[in-house]
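Only heavy atoms go into these numbers, but all of them, side chains included; no hydrogens, no water, no symmetry mates.
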Amino acid sequence: TMENITADQNTLTGLREYNSQLEQQYAQMEEYKQEAQRLQKLLDLKDNYQIEGTGARVIGRSSEAWSQTVIINEGISTGQTVIGTSGVVGQVVSASGSTATVRLLTDPQSGAAAMVQSSRAEGILRGSLIGLLYLEDLDADAEVNVGDVIVTSGLGGSYARGLIIGTVVKVDAQQGDTSRRIVVSPNDSIDTLEDVLVVSSVGASDDDDSDSTRSGSSTSASGSNNSSGSNTGSSSSSSSSSSSSNDSGNGNSSNEGGR
């Protein structure tokens with residue numbers, strides 16, 4: 001009947017609406033899940049390197065092909081290192097209000113002091129329009145092999161020291177060639193960059209270590225002085241006891257002689 005057909009159509013419409021709601025909820029839950037995974041990776045990196053910093057989100061990208069920059073929703077100081085979920089991605093070059101511009105390592109104008117983690121060979125890491133990084137200005141005799149890990153060297157103070165950047169994927173020339181150029185694949189994907197950490201400091205400061213050492217030395221010295229004082233006191237007590245004992249002995253001898 002027409003009533004049954006109408007009821008069936010209403011039921012079908014309701015089911016479609018319910019299915020659409022479920023799909024939206026699933027998509028939202030998937031977004032939350034992926035965000036949680038990204039943030040957890042940042043926290044792991046933060047803990048591994050003992051990083052102090054500020055979390056931020058990418059809210060814009062440069063529309064110019066020759067400019068590799070992103071906008072983040074934190075207005076922090078210029079010059080600070082920025083890391084993604086897997087390593088260094090760039091540096092803050094300008095800040096205004098509640099936002100900041102980050103120049104990515106892949107930007108052709110970028111230059112970061114870096115080194116080969118295994119051999120400690122140092123050079124300058126430069127970006128390119130094709131998304132690869134090039135480690136240049138190394139000593140001709142420096143040992144570099146495919147698979148070597150590249151980290152920031154901290155020279156010049158432009159980037160925090162010891163943070164992972166990427167891995168060597170190609171060596172253009174042989175060791176001893178002054179024109180040698182090392183191709184590095186960045187550890188973090190720039191194209192999918194969403195959440196970052198702006199680095200304030202890495203590891204324990206030298207001043208804190210020095211203060212701890214001085215404090216420890218002072219405590220040890222104080223302990224030694226206290227120990228010396230105790231020994232002196234003990235020696236004095238022993239001497240007094242010995243003296244009293246001798247006097248007592250002499251007195252007894254005299255009394256016996258008198259008897």
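- Side chain of N19 to backbone of L15: no donor-acceptor contact under 3.5 angstrom is found.
- In this structure, the side chains of L163 and V151 stay at 4.5 Å or more apart for every pair of heavy atoms.
- For T152 (side chain) and G154 (main-chain N/O), no donor-acceptor pair under 3.5 Å exists by modelled atom type.
- Other residues, nucleotides and ligands place more than 12 heavy atoms under 6.0 Å from the NZ atom of K46.
- Counting only heavy atoms from C-beta outward, the side chains of Y26 and L22 never approach each other to under 4.5 Å.
- Side-chain contact check for E194 versus R57: every heavy-atom pair is 4.5 Å or farther apart.
- When side chains are defined from C-beta on, V88 counts as touching T81, because their heavy atoms get closer than 4.5 Å.
- In this model, a donor atom of one side chain and an acceptor atom of the other lie less than 3.5 Å apart for E30 and Q34.
- A donor-acceptor pair under 3.5 Å links the side-chain atoms of Q80 to the main chain of S77, judged by distance alone.
- E143 has no carboxylate O lying under 4.0 Å from a charged side-chain N of R120, or vice versa, which leaves the two without a salt bridge.
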Show which side-chain atoms of residues 127-137 pair as donor or acceptor with protein atoms under 3.5 Å away, not counting sequence neighbours.
{"unit_1": "S128", "atom_1": "OG", "unit_2": "L132", "atom_2": "N", "d": "3.3"}
{"unit_1": "S128", "atom_1": "OG", "unit_2": "L132", "atom_2": "O", "d": "2.8"}
{"unit_1": "E136", "atom_1": "OE1", "unit_2": "R126", "atom_2": "NE", "d": "2.9"}
{"unit_1": "D137", "atom_1": "OD2", "unit_2": "R126", "atom_2": "NH2", "d": "3.2"}

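- Between L125 and V184, the closest side-chain pair of non-hydrogen atoms falls below 4.5 Å.
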